[in-house]
Number of protein chains: 2
Amino acid sequence: MSKPKEVTIYDLARKLNVSIATVSRALKDDPVVSKKTKKKIFDLAEEMGYRYNHFARNLREQRTYTIGVIVPRLNSYFMSTVIAGIESVANNEGYTLIISQSSEDAGKEIASAKTMFNNRVDGMLVSLAYDTEEISHFDQFIKKNIPLIFFDRVSDHPECTSVLIDNRKGAYEATSHLIAQGCRRIVHLTATPKRNVYIDRLAGYKQALADHQIPFDEKYVLINNLSQEAGTQAAAAILQMNPLPDAIFAANDNCAVGCMLTLKKAGIRIPQDMAFAGFNNDPVSTVIEPNLTTINYPGYKMGEMSAASLINHLNGVNSIDTTNTILLRSELIIRASSLKTKSDSE
Amino acid sequence: MSKPKEVTIYDLARKLNVSIATVSRALKDDPVVSKKTKKKIFDLAEEMGYRYNHFARNLREQRTYTIGVIVPRLNSYFMSTVIAGIESVANNEGYTLIISQSSEDAGKEIASAKTMFNNRVDGMLVSLAYDTEEISHFDQFIKKNIPLIFFDRVSDHPECTSVLIDNRKGAYEATSHLIAQGCRRIVHLTATPKRNVYIDRLAGYKQALADHQIPFDEKYVLINNLSQEAGTQAAAAILQMNPLPDAIFAANDNCAVGCMLTLKKAGIRIPQDMAFAGFNNDPVSTVIEPNLTTINYPGYKMGEMSAASLINHLNGVNSIDTTNTILLRSELIIRASSLKTKSDSE
DNA sequence: TGCATCAATGTAACCGATTACATTGTTTTT
DNA sequence: AAAAACAATGTAATCGGTTACATTGATGCA
């Protein structure tokens, strides 16, 4: 009773006096089956409440129609937007997702990779954890020819496509903008330089300084985990500097916000005393006062692109091998937190 | 070459001169197999890189070990936290998730339900969209004895367990707190009264008014979609009121924040002119100035509880039928936005 | 009329597990 | 010593599709 038996192609075949092969072909709209037969079969399937059994197909085809997704965290605005993009494409194409979060921990990332491997995903979409040092845990996929695409937090692997933005350029623009506002002592808040996004943003920052004849000072680079809490702690360190910096460029908005709040409490006026820029265009950037200047980049689209190029590859439509990197556009959004010139702080 | 053949229990059995039945039993640690044989089998499986094939099992067992999850949106802090909780339990128990978002649209919710049904999920976890009027699209699950659990945005269905907080109590506490601060003209921002959460929060609001001999005024209830943008628009409406209200209680933090920002720009002092309370304890509530008083409730735990009770039911451990509602604890967090008495607005 | 061609359908092996039931060999009981 | 009980393992059917290859009957063409 708890298992009312399912209708199968055998049941349909029996009722219509045709073979299961014909039913199977009809259901996938194979042109070799006559229109008349197809219609009979479709109608009966509908009537009897037939449900396709993916497992039988997967078992036979040796595919799972499943994509593994590993992200650092689910509960960030950016990541959940990316996932929404992935989901829409995958759903449309009949793929199922297994989503897992590493919580920024290499160990969990390794464990997740193993789980996904054992679940026989057809392909992988990965954004790396903060502290992942090496990526040999993905070799098992490469060896089995399971395509792997990195997005946002990527790793330069010869076999893998990456979907990301030009982080260096974004950081360059943000820093240049701060310089254009008259800032010279610019602190950069970022995470450990293991991930491309932080390496590149740092490089963009340095490049902007160099191009404007501002000497780079190691002391102005503060490394933390970019949480809001870490921003608070960074603020304390910043207040110890002498002279005080005149701008802060944080590698994400959360950290910028934590830092700003604390500095404001300490009596620093923003942007007059210190200008601020972040990265990501998190919704919080329009809540903080003054609103935060930041780099906007398209999470939803990044998810769509990643999923689409993976699935194209799986379907053999479009060889991934030709495109090794997909760059999406990013843009500087200037808000009050960095506008020293006309300081209408809202 | 793109498909290096997989190792199966047949390969293991052949190499060790035992039957596949023994291998199958050994791999699931069946006590009927001798320790010695088990060890041989485990070792060889490891050595040959054997991977368990879920599809063969699922086909045979007529289960999918898959749980369907439908949420209104993925990119809210609360929901992604809930999903993280669901994911941790499901992962642990060997279940896979299919996650889909309705984008607050009943049509998409219906489509998702159909997809999940056709994917033969073993069970469902659902949080309803804003505009879902009736839930007959879930009848197909009930009919097939597929357990269905609602969380947060629930529906009172005799066959389904619900996991949620006492929204009425939360709203009652928030409103009572505002009253205790001396407020009498309290606006309530909420969504259409189709979802329990908004009905109950409104009821709690009314109850608090009644218990303090404050007449309820229909005009003070503003209905919108609770986005930040909607909060902005609500602020405009509020500014037209005469006399101005002296407090705002919003049914979520986002909307509260949008409203606060706009009112502040219009010169309203918070909390002196208007006190504020929200709902959810979204991270944004500690970014807005003054920090937002709100109701905190445990998203991660809600996810864990929902998943655990679904899986227990699937495993026959613990009949869901006995518990029809699981209530989680919520708490009022008082912050500067509502503290009129000692108005140290930070 | 006879043969090639083709459209439509059928046959049966296969994918890799699970498990009821059968079989074997060993130990215990009487 | 024979029977009963039991531990360990084996046999074979089953889950529901896919698809290479085979078959059937109709049509085209010389």
Side-chain angles (χ1 to χ4, degrees), chain A residues 2-42 44-45 48-66 94 96 118-120 122 144 315, chain B residues 2-42 44-45 48-66 94 96 118-120 122 144 315:
Chain A
S2 93
K3 280 286 166 198
K5 55 248 156 267
E6 289 284 341
V7 179
T8 72
I9 55 171
Y10 292 88
D11 300 323
L12 300 179
R14 200 175 319 117
K15 278 237 183 175
L16 293 174
N17 266 316
V18 296
S19 72
I20 56 160
T22 300
V23 174
S24 172
R25 286 192 272 252
L27 290 175
K28 41 170 48 181
D29 211 18
D30 190 319
V32 86
V33 178
S34 73
K35 303 249 178 240
K36 245 179 52 186
T37 313
K38 257 186 211 167
K39 173 143 179 44
K40 278 196 307 185
I41 293 174
F42 276 127
L44 184 66
M48 295 183 67
Y50 168 80
R51 291 201 290 171
Y52 186 80
N53 188 320
H54 295 95
F55 297 96
R57 172 195 59 181
N58 294 350
L59 176 57
R60 171 65 212 227
E61 290 193 352
Q62 303 285 75
R63 299 177 60 181
T64 61
Y65 291 89
T66 296
T96 292
N118 287 330
N119 273 301
R120 307 194 186 204
D122 287 345
K144 276 223 186 295
N315 293 344
Chain B
S2 92
K3 280 285 167 201
K5 54 247 157 269
E6 290 282 340
V7 179
T8 71
I9 56 170
Y10 293 88
D11 301 323
L12 300 179
R14 199 174 321 116
K15 279 236 181 175
L16 292 175
N17 267 317
V18 296
S19 72
I20 55 161
T22 301
V23 175
S24 172
R25 287 191 270 251
L27 289 175
K28 42 172 44 180
D29 212 18
D30 190 318
V32 85
V33 178
S34 74
K35 302 246 180 245
K36 244 179 52 185
T37 313
K38 257 187 212 167
K39 173 144 178 43
K40 279 196 307 185
I41 293 174
F42 276 126
L44 184 65
M48 294 183 68
Y50 168 80
R51 292 201 287 172
Y52 186 80
N53 189 322
H54 295 95
F55 298 95
R57 172 196 57 181
N58 295 351
L59 176 58
R60 171 66 212 227
E61 290 193 352
Q62 302 286 71
R63 299 177 59 180
T64 62
Y65 291 90
T66 296
T96 291
N118 287 329
N119 273 300
R120 307 193 185 206
D122 287 345
K144 276 223 186 295
N315 293 342

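Letters A, B, ... mirror the listed sequences (proteins, then strands); counts begin at 1.
With dA17(C), dT19(C), dT19(D) as the choices, the nucleotide that has an atom nearest any side-chain atom of Lys28(A) turns out to be dT19(D). Side chain of Arg60(B), nearest nucleotide from dG16(D), dT18(C), dT9(C): dT18(C). Set against dG10(D), dA17(C), dG16(D), the side chain of Ala56(A) has dG16(D) as its closest nucleotide.
OP1 and OP2 of dA17(C) both lie 4.0 Å or more from every side-chain N or O belonging to Ser24(B). Using a 4.0 Å cut-off, some side-chain N or O of Tyr52(A) falls inside it from OP1 or OP2 of dT18(D). Note on Tyr50(A): a side-chain N or O is less than 4.0 Å away from OP1 or OP2 of dG17(D). Checking the phosphate oxygens (OP1, OP2) of dG10(C), a side-chain nitrogen or oxygen of Thr22(A) falls inside 4.0 Å. One finds no side-chain N or O of Gln62(A) lying less than 4.0 angstrom from the OP1 or OP2 phosphate oxygen of dC14(C).
Nucleotide dG16(C) holds its P atom 16 Å from the CZ atom of Arg57(A), rounded to whole Å. As a whole-Å value, the separation of Ile9(B) CD1 from dA12(D) P is 16 Å. Spacing between atom NE2 of His54(B) and atom P of dT18(C) amounts to 10 Å, rounded to whole angstrom units. Remark: P of dG16(D) and CD of Glu6(A) are 8 Å apart, rounded to the nearest angstrom. Rounding to whole angstrom units, CZ of residue Arg51(A) and C1' of dG16(D) are separated by 13 Å. For the pair Arg63(A) CZ and dG16(C) P, the computed distance is 16 Å after rounding to whole Å. Atom P of nucleotide dT19(D) and atom CG of Leu59(A) are separated by 13 Å, given to the nearest angstrom. Atom CD of Glu61(B) is separated from atom P of dA17(C) by 12 Å (rounded to the nearest Å).
Comparing Asn53(A) and Ser34(B) by the nucleotide of DNA chain D whose heavy atom lies nearest to each, the residue mapping closer to the 5' end is Ser34(B). Position along DNA chain D of the nearest nucleotide to Arg25(A) versus Thr8(A) favours Thr8(A) as the more 5'-ward residue.
Taking the ring centre of Tyr65(A) as origin, the terminal cationic atom of Arg63(A) falls inside the region bounded by 6.0 Å and 45° from the ring axis.
Judged by distance alone, with hydrogens and angles left aside, Tyr10(B) brings a side-chain donor or acceptor within reach of the base of dA17(C), the pair sitting under 3.5 Å.
A side-chain N or O of Asp122(B) and one of Thr64(B) form a donor-acceptor pair less than 3.5 Å apart.
Between Ile9(A) and Ser24(A), the shortest heavy-atom distance links the atoms CD1-CB, 4.4 Å. Of all heavy-atom pairs between Lys38(B) and Pro31(B), the closest is NZ-CA, 4.0 Å.
Arg120(B) places a side-chain N or O within 3.5 Å of a backbone atom of Tyr52(A) that can act as its donor or acceptor partner.
The residue Asn17(B) sits close only to the backbone: its heavy atoms come under 4.0 Å of sugar-phosphate atoms, none of a base. The residue Asp30(B) sits apart from the nucleic acid: no heavy atom pair falls under 4.0 Å.
At a threshold of 4.5 Å between non-hydrogen side-chain atoms, the residues Tyr50(A) and Leu12(A) count as touching.
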